[in-house]
Amino acid sequence: KRLTTWFETVLHVLQVLLIFAKEDNQSDGFWWACDRAGYRCSVARTPESALECFLDKHQEIIVIDHRNSRYFDAEDICRSADQEETSVLPLLNAGFDRQFMENSSITACYNELVQIEHGEVRSQFKLRACDAVFTALDCCQEAIEITSEDHVIQYVNPAFERMMGYQKGELIGKELTELPKSDKNCADLLDTINTFIKKGKEWQGVSYARRKSGDSIQQHVKITPVTVNSVEALLDAFLVFCFVFTEPHSLKCKNRRKDSTDVKSITSQSSDAPSLQTRRYSSMARIHSMTIEAPITKVINIINAAQENSPITVAEALDRVLEILRTTELYSPQLGTKDEDPHTSDLVGGLMTVSKISKDEITTANMNLSHSHLSVPNTINDVPPCIAQLLENEESWDFNIFELEAVTNKRPLVYLGLKIFARFAVSEFLNCSEATLRAWLQVIEANYHSSNSYHNSTHAADVLHATAFFLGKERVKGSLDHLDEVAALIAATIHDVDHPGRTNSFLCNAGSELAVLYNDTAVLESHHTALAFQLTTKDSKCNIFKNIDRNHYRTLRQAIIDMVLATEMTKHFEHVNKFVNSINKPMSEGSNCECTANITNFPDNQTLIKRMMIKCADVANPCRPLELCIEWAGRISEEYFAQTDEEKRQGLPVVMPVFDRNTCSIPKSQISFIDYFITDMFDAWDAFAHLPVLMQHLANNYKHWKTLDELKCKSLRLPSENN
Ligand code: AMP
Ligand code: ZN
């Protein structure tokens, strides 16, 4: 704003010099015209006094009485003024060649003066302002570079020359891309900047640049687009600068400013003057490439770029997208408040959120989290025939885990584990004996609570079974390495070890030791993983990792931890969405592309597949044959009921009030669970792994719960079906 104001101030005191040997109607006409226009007017009667007056005041407009050369020669006056220190030439350029035919009407004189003011004089002011701005830039301590819209360098200040080690002659007229880049940057910075500049936005960031001497320097850079509409002072000045050069007499500027920018090139680039009002001028600080940028910033930049050429409706939709992206909880669906089914909100609230009750509401519950007794392992060198016979069917999805639970006296994990681990050559991979593996399975199983109706070792065996089944699917097999298979089987086995039969929310509300230990964050999942590694490594007899080298161990351990933590339900939507976006979508979009065959072989995608696999295995019970599905629903409901009972007993907040054994509709709760967590996830997993049998069971089971619900039945089966 300051410059604009400065223009205005100067314009208001525009000065006129009348050189008239004698006062007459014509000089009076100009005098009064100046008065009307608000100009300051001086009169000189002789060439000497005219020169003296001009050197004193530097009037912008000089009117010389040329009607009678008897008194003086107007051209002489100009010439003599030109020989003085201050050149009068610009002034001549501004108007001397105008001829005014004698007319003493004040209006005629006024019109003449005002036309001169609005034409040449104002242009001269703009040039002067421009000079002032460039003088300021020259003195500025910060390095400044100005480029044209197509990145041709127009100007660098001395600070820039000093910083980069170049002379301006080596830079001006060069394209930014011609200069050596710093290899510390990535390639697409210019794109990013262009996106900002095109939108008229300023870009700031840290980047590297290569100095002439070859070394890279880190710089904080601010890039400001110089737009026609900008009101900021510097921008105004530059706008003027561009504008002035499009005027025909702009070439004369070269004389005014010896080492000014390349006027000709600017003039030719800006020759499309009519479009000037809509055109944007880029002024860019020089950076050769990319700054260190977070992926989300890249996403936002891409959307910004897409908005650029989009119709308004799309641009507005993208604005809303940007708004959402700027929030942090990207993957957690927000439940609507009205008409929300309590089964859904309770499940989601209970499984997905850490309780937010205030501190003084918490009573420290006396949690009985004692580790299960490590009962003496039975000898399993010879698997009893009835168990062996059952296990023959282990590869089928319809395998009945509850029968195995019964015949193994609630130790299905050890038996199924031995069978499955052998099938996947786990002891070969780990280079451990079958005895170590057996001892390990026994220790892990012993640390599951058989008193939990759901989270006991049968659930672990069920998840192990599902994981092994998924690992057998062609696409999964083709995507993973042997190490991933081993990690997945171990993760499934340990994933709920020492589960207390209570949810994370309950533990947090109760201020349990575990919640305190893990800061109310992924409490159970952290505990399962940490305890499993403690149990494994504390005794060499059961340490299945003791013979693998350090690097293998670290990779394996990392994969196991990642998978068990992925079972935490607060991250459910994050994992499913990432899988869909990275695996399903590229698969369908690029199905003709040769590269799709390889798409799952990148480590990141392998991680997403493993996470999705254990998540699906963990909650696969709604995809089991109806009878098994019903049994699991009964077990999880019973565990939830027990939690509600305890919450009531201890005066704790009731995390999932619908799971009250006196009122709960199990069919409704299952419908909600399937609708909210299962359908989309299994659709995605089925699209990848091809699982028609599971999807068929899921549809049947869903129908079962729907039928019960329509008949207002709240239990697992119709009364007529109970035996
Ligand atoms: P995890 O504790 O690792 O077994 O995680 C799975 C989550 O899904 C647990 O919180 C279970 O309580 C929940 N869940 C699994 N199956 C069902 C089901 N059929 N109905 C309701 N919740 C379930
Ligand atoms: Zn589980």
Side-chain angles (χ1 to χ4, degrees), residues 341-354 401 413 444 448-449 452-467 488 491-508 514 522-529 532 563-573 575-576 611-644 655-656 658-659 664-679 681-682 697-698 701-702 704-705 716:
D341 178 72
H343 295 83
T344 309
S345 52
D346 276 14
L347 265 172
V348 174
L351 300 183
M352 295 205 41
T353 55
V354 171
I401 197 86
L413 189 56
I444 298 297
Y448 276 93
H449 300 202
N452 291 341
S453 57
Y454 179 90
H455 285 102
N456 48 44
S457 74
T458 307
H459 167 62
D462 184 48
V463 176
L464 174 63
H465 176 265
T467 304
T493 308
I494 65 164
H495 90 280
D496 273 333
V497 70
D498 198 35
H499 197 295
R502 301 289 179 262
T503 62
N504 275 330
S505 298
F506 178 98
L507 299 183
C508 296
L514 285 180
V523 174
L524 282 169
E525 294 71 20
S526 302
H527 175 62
H528 304 318
T529 327
M563 273 184 270
V564 179
L565 293 185
T567 63
E568 195 213 344
M569 294 301 275
T570 57
K571 296 267 168 63
H572 173 80
F573 293 96
H575 295 314
V576 175
R611 288 177 186 166
M612 186 73 165
M613 178 170 63
I614 195 166
K615 277 187 63 55
C616 288
D618 194 18
V619 290
N621 63 74
C623 303
R624 294 288 187 182
L626 181 63
E627 277 313 306
L628 305 185
C629 161
I630 292 173
E631 175 65 22
W632 286 121
R635 290 185 177 204
I636 189 67
S637 302
E638 177 50 40
E639 200 169 290
Y640 287 154
F641 295 157
Q643 175 168 313
T644 304
V655 176
M656 297 182 280
V658 294
F659 285 97
C664 183
S665 160
I666 295 177
K668 272 195 202 308
S669 76
Q670 290 307 300
I671 290 166
S672 290
F673 184 68
I674 294 170
D675 282 342
Y676 206 75
F677 292 107
I678 301 300
T679 307
M681 181 166 72
F682 274 90
H697 285 316
L698 178 60
N701 298 337
Y702 191 73
H704 169 79
W705 301 124
L716 295 165

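Note that the structure is predicted; figures quoted are calculated from it, not measured. In listed order, ligands and their atoms are each counted from 1.
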query: With a cut-off of 2.8 Å, does any N, O or S atom of H495 fall short of it relative to the Zn ion (ligand 2)?
result: yes
Would you call [X] and [Y] a side-chain contact if the rule is heavy atoms closer than 4.5 Å?
X    : Y    : answer
I671 : H343 : no
W632 : D462 : yes
S669 : V658 : no
F677 : V619 : no

- request: Establish, from distance only, whether the side-chain atoms of E525 and N504 form a donor-acceptor pair under 3.5 Å.
  value: yes
- prompt: Would you find a donor on one side and an acceptor on the other, under 3.5 Å apart, between the side chain of N701 and the backbone of R624?
  reply: yes
query: If only atom types and distance count, is the side chain of T644 paired as donor or acceptor with the main-chain N or O of Y640 below 3.5 Å?
result: yes
message: Could you check, using the six-membered ring where one of them is a Trp, whether H449 and H455 have ring centers closer than 6.0 angstrom?
response: no
- prompt: Between F573 and Y676, is the gap from one ring center to the other below 6.0 Å?
  reply: yes
Residue [X] atom name (nearest to the Zn ion (ligand 2); N/O/S):
X    : result
D618 : OD1
D496 : OD2
H459 : NE2

Protein heavy-atom partner closest to [atom] - residue, atom, separation in Å:
atom                    : answer
atom 3 (O) of ligand 1  : D618 OD2, 2.6 Å
atom 7 (C) of ligand 1  : M569 CG, 4.0 Å
atom 14 (N) of ligand 1 : F673 CZ, 3.4 Å
atom 10 (O) of ligand 1 : L351 CD2, 3.2 Å
atom 16 (N) of ligand 1 : N621 ND2, 3.0 Å

If you count the atoms of ligand 1 from 1 in the order shown, which ones are under 4.0 Å from a heavy atom of [X]?
X    : value
H495 : 3 (O)
V619 : 6 (C), 8 (O), 15 (C)
D496 : 1 (P), 2 (O), 3 (O), 4 (O)

- request: Measure the distances from the heavy atoms of E639 to every atom of ligand 1 and state whether one is below 4.0 angstrom.
  value: no
- prompt: Does H455 come within less than 4.0 angstrom of ligand 1, counting non-hydrogen atoms of the residue?
  reply: yes
query: Applying a 4.0 Å heavy-atom criterion (strictly less than), which segment of Q670 is in contact with ligand 1: side chain, backbone, both, or neither?
result: side chain
message: Given H495, which partner from the list D618, L565, L524, T467 fulfils the side chain to side chain contact (heavy atoms under 4.5 Å, CB included) test?
response: D618
Residue selection (non-hydrogen contact nearest atom 22 (N) of ligand 1) among Y640, Y454, W632, Y676: Y640
